[in-house]
Structures are given as C-alpha cells and as structure tokens.
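Everything below concerns the one structure shown next.
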Amino acid sequence: GLDKRRDTEEALQVLRQNFLIDALLQDELGKAPITEADLKAEYDRQVKLLSAGDLQQYQLATIVLENEADARAVMAALRSGQSFESQARARSLDPSKERGGELGWLLADQMTPAISNVVVNLSSGAVSAAPIQVGPFWHVVRLLGKRPYQVPSYEDSKGLVQSAVLQNRRLALLKKLQDAATIKR
C-alpha cells in the first residue's frame with residue numbers, strides 16, 4: 001500500500017516529471033546534437049571573457065580551525081618558526097592538510113570574499129595577519145604565489161565547455177517552453 005500514500009504519490013509525480021523533462025532534453029539534443037564547432041565557439045567565447053580583464057591567480061595554502069583561539073595558537077606557532085605545512089598537517093580540519101594545506105591556483109572569485117579580500121593584498125610567502133572567519137570556521141591563509149591567469153587549453157577545458165553548452169541549451173529550451181506556455185489560473 002506504499003504507492004497509495006500521499007507522500008509516495010507526490011514523489012512519484014516528481015520523478016515522472018523529471019523523467020519527462022530529461023526525455024524532452026534528450027529528444028532535443030537528438031535533433032541537434034552538440035558539435036565540435038559548438039564546443040569550440042563556447043570555448044572561444046569564454047576565453048574572450050576571461051582575457052578581457054587583468055585576472056590574477058593565487059596559489060594558496062590554508063589551515064582551517066574550529067575556533068579563533070586555535071587559529072591564534074597556530075599563528076603564534078608560525079611566528080615562533082614552525083612551518084606552515086607541519087601546522088596544517090597536524091591541526092587543520094580541511095582535507096588539504098594532507099598537502100600541507102595547499103589548495104592550488106585560484107582566481108579571486110573562486111574564494112570566499114572574506115579570504116579573497118585578504119589574499120589579494122598579501123605578498124608571496126606571507127601569512128594573513130589575523131585569522132579569517134568563514135562560517136563557523138577560522139582560516140589561517142598563506143599566499144604561496146601570484147601569476148597572471150592562464151587560460152586552460154581547449155582540450156583541458158572540453159568537459160567543462162560541454163557542460164556549459166548543455167546548460168545553455170537547457171535554459172534556451174526552458175525559455176522557449178515558457179514563452180509558448182499558456183498559464184491558467
């Protein structure tokens with residue numbers, strides 16, 4: 001009798017609607033599959049947008065802690081000569097601790113504003129002057145390096161570009177359906 005329950009019927013209706021939406025999208029993609037030219041055009045569009053500014057990438061390392069007192073204790077340990085990497089491995093709550101807190105190269109808009117506002121003003125090798133609170137956690141951040149943004153190659157970006165083209169197609173289809181719909185009240 002589970003199929004007769006109201007919550008089950010509602011969940012089945014949502015599943016049915018989602019299935020039909022996916023079927024419609026697959027049907028539309030079958031009529032006009034994504035081509036290599038579509039992918040290349042989207043890649044070129046994104047490169048043009050990314051190249052328009054003077055974007056910088058920042059190589060960061062972070063130590064994420066539960067409270068401000070722990071963060072200040074880590075900062076004191078760093079000032080006394082202990083290495084950032086050893087403190088990250090020993091104290092950080094973040095999975096990056098296995099890499100000494102290293103997060104890789106990020107653009108400023110890929111970081112939370114509280115961290116990016118500090119990082120853009122640090123010099124390479126410097127550690128944040130104070131712990132940075134993000135949500136319930138406290139971060140001690142070290143800037144490992146800065147460089148001009150390097151646009152990834154087409155081949156390296158192909159998967160992400162394909163997702164973007166697919167998402168754009170979905171949005172265009174939804175807009176077309178919405179414009180053609182008659183809403184009755």
Side-chain angles (χ1 to χ4, degrees), residues 7 10-11 14-15 17-18 21-22 39 42-43 45-171 174:
D7 61 333
E10 290 172 358
V14 169
L15 286 172
Q17 288 173 346
N18 288 336
I21 291 168
D22 286 343
L39 297 177
E42 177 61 16
Y43 174 79
R45 185 189 73 77
Q46 288 186 17
V47 166
K48 186 177 177 184
L49 288 173
L50 291 170
S51 300
D54 192 21
L55 295 176
Q56 290 282 311
Q57 284 182 302
Y58 304 90
Q59 186 181 25
L60 299 182
T62 187
I63 302 172
V64 180
L65 300 141
E66 203 169 283
N67 56 58
E68 185 178 10
D70 289 347
R72 292 204 179 275
V74 164
M75 293 188 87
L78 295 174
R79 282 191 295 276
S80 74
Q82 294 188 34
S83 78
F84 193 95
E85 294 79 12
S86 67
Q87 284 295 302
R89 285 188 178 92
R91 313 264 322 257
S92 186
L93 301 173
D94 194 74
S96 67
K97 70 181 184 179
E98 301 302 322
R99 297 181 306 279
E102 213 264 297
L103 299 176
W105 290 95
L106 302 167
L107 294 167
D109 66 359
Q110 292 175 308
M111 303 174 225
T112 62
I115 291 177
S116 68
N117 290 339
V118 171
V119 166
V120 298
N121 295 309
L122 289 177
S123 57
S124 292
V127 175
S128 54
I132 305 164
Q133 185 175 12
V134 178
F137 300 105
W138 291 82
H139 296 249
V140 177
V141 177
R142 181 175 181 210
L143 179 62
L144 303 173
K146 285 183 189 182
R147 69 180 183 197
Y149 177 67
Q150 296 176 348
V151 176
S153 71
Y154 173 69
E155 287 303 318
D156 289 342
S157 304
K158 201 170 183 176
L160 292 171
V161 170
Q162 187 168 11
S163 295
V165 170
L166 183 59
Q167 183 65 14
N168 290 340
R169 292 254 183 110
R170 284 182 178 143
L171 291 172
L174 289 173

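Position 1 is the first residue of the sequence; numbering continues from there.
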(message) Before you tell me yes or no, could you show the steps for L106 and Q57 under side chain to side chain contact (heavy atoms under 4.5 Å, CB included), namely the whole-Å CA-CA distance, both residues' side-chain angles and the distance that decides it to 0.1 Å?
(response) CA-CA 5 Å; L106 302 167; Q57 284 182 302; over 6 Å; no
Which pairs of donor and acceptor atoms, one on a side chain in residues 109-118, lie under 3.5 Å apart (sequence neighbours left out)?
unit_1 : atom_1 : unit_2 : atom_2 : d
Q110   : OE1    : L107   : N      : 2.7
S116   : OG     : P113   : O      : 3.3
N117   : ND2    : P113   : O      : 3.1

Please give me the minimum heavy-atom distance between [X] and [Y], naming the atom from each residue.
X	Y	result
H139	S128	O-OG, 4.4 Å
Q87	V74	OE1-CG2, 3.7 Å
A88	G101	CB-N, 3.7 Å

(request) Taking S92 for its side chain and K97 for its backbone only, find out whether a donor-acceptor pair lies under 3.5 Å. (result) no
(message) Enumerate the salt bridge (charged side-chain N to carboxylate O under 4.0 Å, His left out) contacts for residues 132-145, please, sequence neighbours excluded, ordered by first and then second residue.
(response) E85-R142
(message) If the condition is salt bridge (charged side-chain N to carboxylate O under 4.0 Å, His left out), which residues does R45 pass it with, not counting sequence neighbours?
(response) E42
Identify every side-chain donor-acceptor pair in residues 155-164 under 3.5 Å, counting partners at least two apart or on other chains, and give the distances.
unit_1 : atom_1 : unit_2 : atom_2 : d
D156   : OD2    : S153   : OG     : 3.3
S157   : OG     : S153   : O      : 3.0
K158   : NZ     : E36    : OE1    : 3.1
K158   : NZ     : E36    : OE2    : 3.2
S163   : OG     : G159   : O      : 3.2

For [X], side-chain hydrogen bond (donor to acceptor under 3.5 Å, both in side chains) partners two or more places apart:
X	result
E10	R6
E68	R72
Q133	none
R99	none

(message) Could you work out, with ring-ring contact (aromatic ring centres under 6.0 Å, His included) as the rule, every residue matching Y154, not counting sequence neighbours?
(response) Y43
(request) Tell me, please, which residues at least two apart from N18 pass side chain to side chain contact (heavy atoms under 4.5 Å, CB included). (result) V14, I21
(request) Output all residues satisfying side chain to side chain contact (heavy atoms under 4.5 Å, CB included) with A126, sequence neighbours left out; order by chain, then residue number. (result) L122, S123
Sub-4.5 Å side-chain heavy-atom contact between [X] and [Y]:
X	Y	result
L144	E102	yes
L60	L143	yes
V140	T62	no

What distance do [X] atom [atom1] and [Y] atom [atom2] have between them, rounded to the nearest 0.5 Å?
X	Y	atom1	atom2	answer
L171	L174	CG	CG	6.5 Å
R89	I63	CZ	CD1	10.5 Å
E66	L93	CD	CG	6.0 Å

(request) Could you list all the ring pair (Phe, Tyr, Trp, His ring centres under 6.0 Å) pairs where at least one residue sits in residues 83-137, not counting sequence neighbours? (result) none
(request) Report the C-alpha distance between W138 and I132 in whole Å, list the side-chain angles of each, state the deciding distance to 0.1 Å, and finish with yes or no for side chain to side chain contact (heavy atoms under 4.5 Å, CB included). (result) CA-CA 5 Å; W138 291 82; I132 305 164; over 6 Å; no
